[in-house]
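Comments concern the structure below.
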Amino acid sequence: GNSVTQMEGPVTLSEEAFLTINCTYTATGYPSLFWYVQYPGEGLQLLLKATKADDKGSNKGFEATYRKETTSFHLEKGSVQVSDSAVYFCALNYSGATNKLIFGTGTLLAVQP
Amino acid sequence: KAGVTQTPRYLIKTRGQQVTLSCSPISGHRSVSWYQQTPGQGLQFLFEYFSETQRNKGNFPGRFSGRQFSNSRSEMNVSTLELGDSALYLCASNLKNQGGSYNEQFFGPGTRLTVL
């Protein structure tokens, strides 16, 4: 079946450190891949997306590349800020016939000043 | 443009009761999806509606039901509440028509349901 495996958290970093959150997926066909972010007390916001192999999604300094050969979509940021503290979810959509998203378990990121 | 609106934001019920949650999508969006978020199970898909028709349903018992109205507003209902139904219920709206490329889903702030 279709699934997403995400790096366990929490991840604690100092401000300006480099961030990597690992995400791998299992899917039939060619899924679209996403990173969502959830700030405390809020819903989910789309951070970035990639719809085909080798696409790079980027937004607000975050990047992720759709790697079909390794079935991965790792999230990276070169220099994190305290305001990046949130829960990050990797997700996939496996079919154009549905909007259903399959999510990973989420990774809590805590950035300390 | 107003975002996705969910009401109420917080709800406390007791076991055995039923509850109805409401979601108003972004104007012009015809697709609405519902998700349950719990610490133990994470984010799980409940159902998806497009133009008043349920297109997809997750693996939840029949106590969970939903519907969509002609103005695209959606409701979900949980009957005979159990303690395990305590969760954040998220609604997402999407402009996408059936088929075609994937468009962004916009999530509401959620309804926090506590079952005592």
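Worth saying up front: this structure is predicted, and the values here are computed from it rather than measured. A, B, ... follow the sequence lines: proteins, then strands. Residue 1 opens every chain.
Both the backbone and the side chain of B/Leu43 come within contact range of chain A, with heavy atoms under 4.5 Å apart. Neither the backbone nor the side chain of B/Arg112 comes within contact range of chain A; no heavy atoms are under 4.5 Å apart. In this structure, chain B has a heavy atom under 4.5 Å from the side chain of A/Gln38, while its backbone stays farther away. With a 4.5 Å cut-off on non-hydrogen atoms, B/Tyr35 touches chain A through its side chain but not through its backbone. For chain A, the nearby part of B/Gln37 is the side chain; its heavy atoms alone come within less than 4.5 Å.
One finds the CZ atom of B/Phe47 at 13.0 Å from the NZ atom of A/Lys100 (value rounded to the nearest 0.5 Å). Considering CG of A/Leu101 and CD of B/Glu48, their distance stands at 9.5 Å, rounded to 0.5 Å. We find the CD-NZ distance between B/Gln105 and A/Lys49 to be 11.0 Å, quoted to the nearest 0.5 Å.
Under a cut-off of 6.0 angstrom, the local environment of CD in B/Glu52 is crowded, with over 12 non-hydrogen atoms contributed by other residues, nucleotides or ligands. Applying the 6.0 Å contact sphere to OH of A/Tyr30 captures no more than 12 heavy atoms from other residues, nucleotides or ligands. Heavy-atom neighbours of A/Glu8 CD from other residues, nucleotides or ligands within 6.0 Å: at or below the threshold of 12. Within 6.0 Å of atom CZ in B/Arg15, 12 or fewer heavy atoms from other residues, nucleotides or ligands are found, so the atom counts as exposed in its surroundings. Residue A/Lys52 places its NZ atom among 12 or fewer non-hydrogen atoms of other residues, nucleotides or ligands, all under 6.0 Å distant.
Annotation for B/Phe107 and A/Leu44: closest pair CB-O, 3.3 Å, computed over non-hydrogen atoms.
Residues A/Leu48 and A/Leu19 share a single hydrophobic cluster, defined by chaining ILVMFWY side chains whose heavy atoms lie under 4.5 Å apart. Put simply, B/Leu88 and A/Ile102 are part of two different groups of oily side chains (I, L, V, M, F, W, Y) that touch within less than 4.5 Å, one to the next. Side-chain heavy atoms closer than 4.5 Å link hydrophobic residues (I, L, V, M, F, W, Y) into clusters, and following such links, even through other members, never connects A/Val4 to B/Leu90.
At least one side-chain heavy atom of A/Asn99 sits under 4.5 Å from a side-chain heavy atom of B/Arg55.
A centroid separation of 6.0 Å or more is found between the aromatic rings of A/Phe103 and B/Phe45.
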